[in-house]
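One structure is given here, and the rest of the page talks about it.
Order of listing sets the numbers, starting from 1, for every ligand and every atom in it.
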Amino acid sequence: MEEHELPVLLVNEVGGICGVLEAHVDFLKTHFQLITMREFLENKNILSKNVQAIYLWWHKPVIDPELLQSLPNLKVIANSGVGMDHLDLKLISGCGIKMANCPHAVSSSTADTGMALLLASARRLVEGCHIAVSLDTECFAPDWLGEEVTGATLGIIGMGNVGYKIALRAKAFEMKILYHNRKQRKEEEEQAIGAIYCKKIEDLLQQSDFVMLAVSLTPQTHKLIGKRELELMKHTAILINISRGLVVDQEALLEALHTGIIKAAALDVTYPEPLPRDHPLLKLKNIIITPHLGIKTRKTTRMITEEAVANILAALNGLPMPSEVLPD
Ligand SMILES: O=CC(=O)O
């Protein structure tokens, strides 16, 4: 097919922090005529009628009413992650535009990140690394100790694809697994991962040695973990967040880490991202913070683009989309 016959896909930019990966451009170009926001804005009058799809990378371009109004033939927006909290789903759907995310592509690498943070915080890997490279002998002292992972209790809050894969991994570490979710999983799924449902989040918080947050950010999960919830946790417990920063009340977490209400935290997500350099959380010893790298592997990012392409092509051809997201 000639390039001009291909549907037009708008992306924020190619490369850069919020641009599609350069390594994916050839693949995208086999299915679409690609235009960047800069090209679009330079030739808005000509291009606005052509754009049929948008592929969001790292939440960009920002989808606001002005952009939606300027794209009368836009049919579908595909997001390069599973979380859709940065989008006004009702607004987009109200314009007759379909939406997709990529739950299949991201779940394994996000679950791997969760386990990596759990292990690293339990065994104080980052602290140990700093001590080792500074040639300090502190970590060689007999009472410089971490927490045992094998046999410990893991409480997973949010049992979607990611939560389920974390449980699968934790099972191999012989952990006791509790979970809290809006809906209880089927009995055979619970048995496959050996997980016990806690209808009340309080029960999970009180019993867990590690609490892993794997929920989507919604009005119901906004600051789900605050002062009260942290106080319910064991003093020896570790909180791991791979969902969204706003699921945790950061002020309350800071206080809890400072005063020993909980032992430690490992966060792949914060608000804002990145945290300002002088943020007090960055000064604590009992925290690990990573730069929202949950999905960032070569394989996963490629699979994300493939899932996005499959969704866009399905939407443009009037076929069922592999991972359509509905407004509610
Ligand atoms: O942040 C990662 C995702 O939304 O999948």
Side-chain angles (χ1 to χ4, degrees), residues 11-12 16-21 24 54-63 76-89 92 98-118 156-169 181-182 212-225 239-248 250 265-275 288-312 321-328:
V11 297
N12 193 49
I17 292 178
C18 302
V20 293
L21 298 186
H24 300 178
I54 299 181
Y55 179 27
L56 295 178
W57 194 269
W58 216 239
H59 303 181
K60 293 282 172 20
V62 172
I63 306 293
V76 54
I77 298 176
N79 182 49
S80 65
V82 76
M84 301 286 273
D85 47 281
H86 53 293
L87 294 171
D88 185 338
L89 303 186
I92 296 168
K98 294 203 175 282
M99 296 163 293
N101 63 355
C102 48
H104 307 105
V106 303
S107 55
S108 293
S109 60
T110 309
D112 289 348
T113 302
M115 282 311 284
L117 288 173
L118 186 155
I156 304 174
I157 299 180
M159 190 47 90
N161 290 348
V162 173
Y164 194 81
K165 289 201 174 168
I166 290 166
L168 278 176
R169 285 153 176 71
N181 199 40
R182 270 179 311 172
M212 175 86 70
L213 302 175
V215 283
S216 310
L217 175 62
T218 64
Q220 291 72 39
T221 62
H222 184 264
K223 301 205 176 161
L224 178 71
I225 303 298
L239 179 74
I240 302 124
N241 189 6
I242 49 162
S243 59
R244 286 290 181 268
L246 278 165
V247 172
V248 177
Q250 260 170 210
L267 313 177
D268 190 39
V269 285
T270 56
Y271 61 92
E273 282 174 11
L275 288 174
I288 296 176
I289 302 187
T290 49
H292 202 147
L293 49 72
I295 60 161
K296 284 191 172 169
T297 71
R298 242 184 294 278
K299 181 174 170 188
T300 293
T301 47
R302 175 70 187 197
M303 291 195 312
I304 287 172
T305 295
E306 286 170 1
E307 194 166 344
V309 168
N311 275 298
I312 295 170
M321 295 159 69
S323 27
E324 179 169 6
V325 175
L326 299 170
D328 29 59

Quiz prompt | contact_flag M84 ligand 1 heavy-atom lt 4.0 Å | solution =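 Judged by the 4.0 Å heavy-atom criterion, M84 does not count as contacting ligand 1.
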Closest non-hydrogen atom pair, [X] against [Y]:
{"X": "W57", "Y": "I304", "result": "CZ3-CG2, 3.9 Å"}
{"X": "N311", "Y": "N101", "result": "ND2-O, 3.5 Å"}
{"X": "T297", "Y": "T300", "result": "OG1-N, 2.9 Å"}
{"X": "M212", "Y": "G114", "result": "CE-O, 3.4 Å"}

Self-check item: G81-ligand 1 polar pair, N/O distance under 3.5 Å
Solution: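 No, G81 has no N/O under 3.5 Å of an N/O on ligand 1.
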Self-check item: Under 3.5 Å: N/O of V106 near N/O of ligand 1
Solution: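 So ligand 1 has no N or O lying under 3.5 Å from an N or O of V106.
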Quiz item: H292 heavy atoms, cut-off 4.0 Å: which ligand 1 atoms fall inside?
Solution: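 Near H292, meaning under 4.0 Å from one of its heavy atoms, ligand 1 has 1 (O), 2 (C).
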Quiz item: For the residue pair H59 and H86, does the interplanar ring angle fall in the parallel (under 30°), tilted (30 to 60°) or perpendicular (over 60°) class?
Solution: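 Ring orientation, 0 to 90° scale: parallel.
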Quiz item: For atom 3 (C) of ligand 1, what is the nearest protein heavy atom, given as residue, atom name and distance?
Solution: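 Closest protein heavy atom to atom 3 (C) of ligand 1: V82 N, 3.3 Å.
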